[in-house]
Amino acid sequence: MNFDALPEVALARDLLRRWWSVDLDFAGLGDLPKVKHGACEAARTLATGTCADTLRALATTFAKSRAITTVPCHAGLLVVAAPVVEYTGAVAKLAGIVHASGIPAATSEAELTRIRDLVGSAAAAVDRARPAIIAPTTFVHLYTEIVGDAPAVRDVVKLLGKVVKSEATVLIHGESGTGKELIARAIHYHGPRAKKPFVVQNCSAFNDNLLESALFGHVRGAFTGAVKDQPGLFQTADGGTFFLDEIGDMSAALQVKLLRVLQEGTLMPVGGTKSIKVDVRIIAASHKDLQKMVDKREFRDDLFYRVNVLKITVPPLRDRTSDIPRLAQHFITKHWRTSATGTPPPRLSQGALARLVAHAWPGNIRELENEMERMLVLAGSDTQELVASMVSPRVAGSGGGTDVDRRRPLRDLLAVAESDAIVAALGRHVGDRELVAEELEIGRELLDARIVALGLGAPPGSAS
Ligand SMILES: Nc1ncnc2c1ncn2[C@@H]1O[C@H](COP(=O)(O)OP(=O)(O)O)[C@@H](O)[C@H]1O
Ligand SMILES: [Mg+2]
């Protein structure tokens with residue numbers, strides 16, 4: 001990955017060069033650091049290799065101090081360096097050093113502090129650009145198309161085991177884009193009706209007459225233009241499952257007809273005189289609270305009791321942010337078009353993930369899926385890393401869009417700050433979580449949980 005392209009690195013480099021005429025560099029542990037400062041270059045010719053010795057000594061210092069360090073070099077200049085740490089599982093190892101070398105020893109303490117801050121911010125940016133570690137789920141189940149590990153998702157999946165076997169009507173309640181249709185499909189395709197049709201109709205999509213005709217069909221001559229008998233979707237779904245989306249938007253008249261299907265298994269086509277028998281399992285979904293609609297007499301109570309036999313509540317994504325890393329990863333794989341060369345899908349950087357986790361996702365999982373598709377398109381086919389700058393401004397919250405889009409709940413701001421603080425502290429302490437917990441004055445367990453939730457590392461003890 002090209003760290004020089006990171007804005008924080010470019011900014012730090014530019015300021016260091018202009019104010020102190022020193023250079024910022026990133027040195028891997030294996031390679032010899034480039035030394036560009038004139039005075040330092042002269043000293044190097046006198047004693048070849050000593051600058052590299054200084055940086056090697058720094059690596060040893062980091063192992064103990066775990067902090068931004070200032071050391072004098074053999075030529076009487078200063079080196080300011082910050083460690084870049086790689087965390088894999090519970091293990092952290094030094095991956096490289098960001099350093100400004102060749103600072104005149106006479107530099108004032110105030111100026112040195114500013115240099116340290118610049119080097120530190122560059123090192124933090126490099127840290128954030130590193131790939132996020134997304135822990136594999138420990139929750140194994142049959143419904144692999146449903147990704148997620150949050151307690152609420154586990155509850156839904158556990159319930160599915162029972163729901164699938166039964167023939168009862170199911171009501172799925174949840175905001176738009178939370179996965180209601182995905183769950184309905186899972187119930188159908190994992191159940192005994194799997195080989196029969198799965199039919200979907202959104203009840204708010206049409207006007208009343210069109211919806212009635214679409215659901216129940218019509219007979220020839222029922223209305224102008226009805227030139228022949230037309231079976232409805234309930235007949236198409238015969239033997240299978242009917243997913244009635246946004247059932248709360250159904251008119252009172254249609255609610256009566258639907259009740260009849262549920263009670264007697266019969267329906268009457270528009271303009272018809274003979275009722276037709278159908279065998280359909282109904283799964284209904286609504287983002288509205290049907291119980292409240294019943295209380296306000298906007299929804300028939302008898303239909304409500306028929307529909308609400310088994311209820312599944314799908315939480316909004318903002319209430320299960322711990323699943324965002326895994327879902328983001330899932331959508332990268334899902335939408336990655338492998339090229340002829342079979343390039344693996346790009347990885348998500350820690351910084352990009354921190355922004356995704358911080359967003360409130362009013363459009364829920366559908367919005368996250370769209371965002372990941374957008375990032376993949378933006379990144380192109382030869383990118384290996386999806387970095388923070390590729391997150392759309394609306395999601396990243398940095399301007400753009402309407403005033404409504406720019407609103408940032410305190411929760412989001414806190415999540416960004418939290419992620420930044422943890423990343424910085426992990427860097428300072430070379431991944432030692434005990435020390436990070438101590439510094440941040442939080443419990444070790446909470447720290448581990450937040451590291452996993454923010455995609456900054458794996459749970460302790462997990463091999464990776
Ligand atoms: N838990 C999940 N795991 C994987 N993909 C999901 C999950 N929940 C939703 N999706 C995907 O998000 C998109 C929107 O879900 P959908 O079921 O249409 O939501 P809803 O019916 O509640 O509006 C779909 O592409 C769906 O496959
Ligand atoms: Mg939907």
- Message: Taking the basic N atoms (NZ, or NE/NH1/NH2) and the acidic carboxylate oxygens, is any pair closer than 4.0 Å for Asp249 and Lys288?
- Response: yes
- Note on the structure: What one should report as the nearest heavy-atom pair of Val9 and Ala122 is CG2-O, 3.9 Å
- Within the distance-only criterion (no hydrogens, no angle test), does the side chain of Arg320 pair as donor or acceptor with the backbone N or O of Ala152 below 3.5 angstrom? no
- Of all heavy-atom pairs between Gln291 and Asp289, which one has the smallest distance, and what is that distance? N-OD1, 3.1 Å
- Query: Which atom names give the shortest non-hydrogen contact between Thr178 and Ile365, and what distance separates them?
  - Reply: O-CD1, 3.8 Å
- Item | Within 6.0 Å of CZ in Arg326, more than 12 heavy atoms from elsewhere | yes
- Message: Less than 4.5 Å apart, side chain to side chain, heavy atoms only: is that true for Trp336 and Pro346?
- Response: yes
- Task: Answer yes or no: is there a side-chain heavy-atom contact under 4.5 Å between Arg260 and Met268?
- Result: yes
- Note on the structure: CZ of Arg355 to CD1 of Ile324, rounded to nearest 0.5 Å, is 14.5 Å
- Item | His188 (side chain) donor-acceptor with Lys196 (main chain) under 3.5 angstrom | yes
- Message: For Phe331 and Val147: C-alpha separation, side-chain torsions, deciding distance, then whether side chain to side chain contact (heavy atoms under 4.5 Å, CB included) applies.
- Response: CA-CA 10 Å; Phe331 292 130; Val147 176; over 6 Å; no
- Query: Looking at side-chain heavy atoms only, is the closest gap between Trp361 and Thr321 below 4.5 Å?
  - Reply: no
- Message: With rounding to the nearest 0.5 angstrom, report the CD to CD distance, Gln255 to Glu298.
- Response: 10.0 Å
- Task: Check whether any side-chain heavy atom of Leu211 lies under 4.5 Å from a side-chain heavy atom of Leu254, and answer yes or no.
- Result: yes
- Query: In terms of the angle between their ring planes, are Phe234 and Phe216 parallel, tilted or perpendicular, with boundaries placed at 30° and 60°?
  - Reply: parallel
- So among Ile283, Leu160, Val164, which one has a side chain to side chain contact (heavy atoms under 4.5 Å, CB included) with Val170? Ile283
- CA sep, side-chain torsions, deciding dist, call: Met390, Thr383, side chain to side chain contact (heavy atoms under 4.5 Å, CB included): CA-CA 11 Å; Met390 295 173 187; Thr383 308; 4.0 Å; yes
- Side chain to side chain, Leu171 and Leu290, heavy atoms closer than 4.5 Å: yes
- Task: Grab the two heavy atoms, one from Glu145 and one from Leu182, that are nearest each other, plus how far apart they are.
- Result: O-CD2, 3.8 Å
- Query: Does any N or O in the side chain of Arg13 come within less than 3.5 Å of the main-chain N or O of Leu24, such that one atom is a donor and the other an acceptor?
  - Reply: yes
- How about Leu376 and Leu386: do any of their side-chain heavy atoms sit closer than 4.5 Å? yes
- Hey, is Asp448 close enough to Arg444 for a salt bridge, meaning N to O under 4.0 Å? yes
- Query: Can you name the one residue among Glu371, Arg318, Glu367 that meets side chain to side chain donor-acceptor pair (under 3.5 Å) with His359?
  - Reply: Glu367
- Under the 3.5 angstrom rule, does the side chain of Thr333 hit a backbone N or O of Gln329 as a donor-acceptor pair? yes
- CD1 of Ile312 to NE2 of His173, rounded to nearest 0.5 Å, is 13.0 Å
- Item | Atom pair CD1/CZ of Ile68 and Arg116 - distance to nearest 0.5 Å | 8.5 Å
- Message: Quick check on Arg154: does its CZ atom have over 12 non-hydrogen neighbours (other residues, nucleotides or ligands) under 6.0 Å away?
- Response: yes
- Message: Side chains of Ser176 and His287: any donor to acceptor distance under 3.5 Å?
- Response: no
- Query: Got a second to check how far Leu440's CG is from Leu435's CG, nearest 0.5 Å?
  - Reply: 10.5 Å
- Item | Residue pair Gly148 / Asp323: nearest heavy atoms and the distance that separates them | CA-OD2, 3.4 Å
- Task: Applying salt bridge (charged side-chain N to carboxylate O under 4.0 Å, His left out), run through Asp245 and Lys180 and close with a yes or a no.
- Result: CA-CA 9 Å; Asp245 204 357; Lys180 298 186 295 296; 5.2 Å; no
- Item | Reported CD1-to-CG distance for the pair Ile276 and Asp238, which is rounded to 0.5 angstrom | 10.0 Å
- Message: Given Leu244, which partner from the list Asn202, Val200, Leu215 fulfils the side chain to side chain contact (heavy atoms under 4.5 Å, CB included) test?
- Response: Leu215
- Message: Does any part of the side chain of Leu327, heavy atoms only, come nearer than 4.5 Å to the side chain of Leu317, both counted from C-beta?
- Response: yes
- Query: Going through the distances and angles, do Arg193 and Glu167 end up as a side chain to side chain contact (heavy atoms under 4.5 Å, CB included)?
  - Reply: CA-CA 10 Å; Arg193 292 173 178 256; Glu167 281 282 297; 2.6 Å; yes
- Closest heavy-atom pair, Ala150 versus Ser322, reported as atoms and distance to 0.1 Å, is CB-OG, 3.9 Å
- Message: Are the side chains of Arg128 and Ser349 in contact, using a 4.5 Å heavy-atom criterion?
- Response: no
- Yes or no on side chain to side chain contact (heavy atoms under 4.5 Å, CB included) for Leu267 and Lys257, after CA distance, side-chain angles and deciding distance? CA-CA 7 Å; Leu267 58 85; Lys257 289 196 102 174; over 6 Å; no
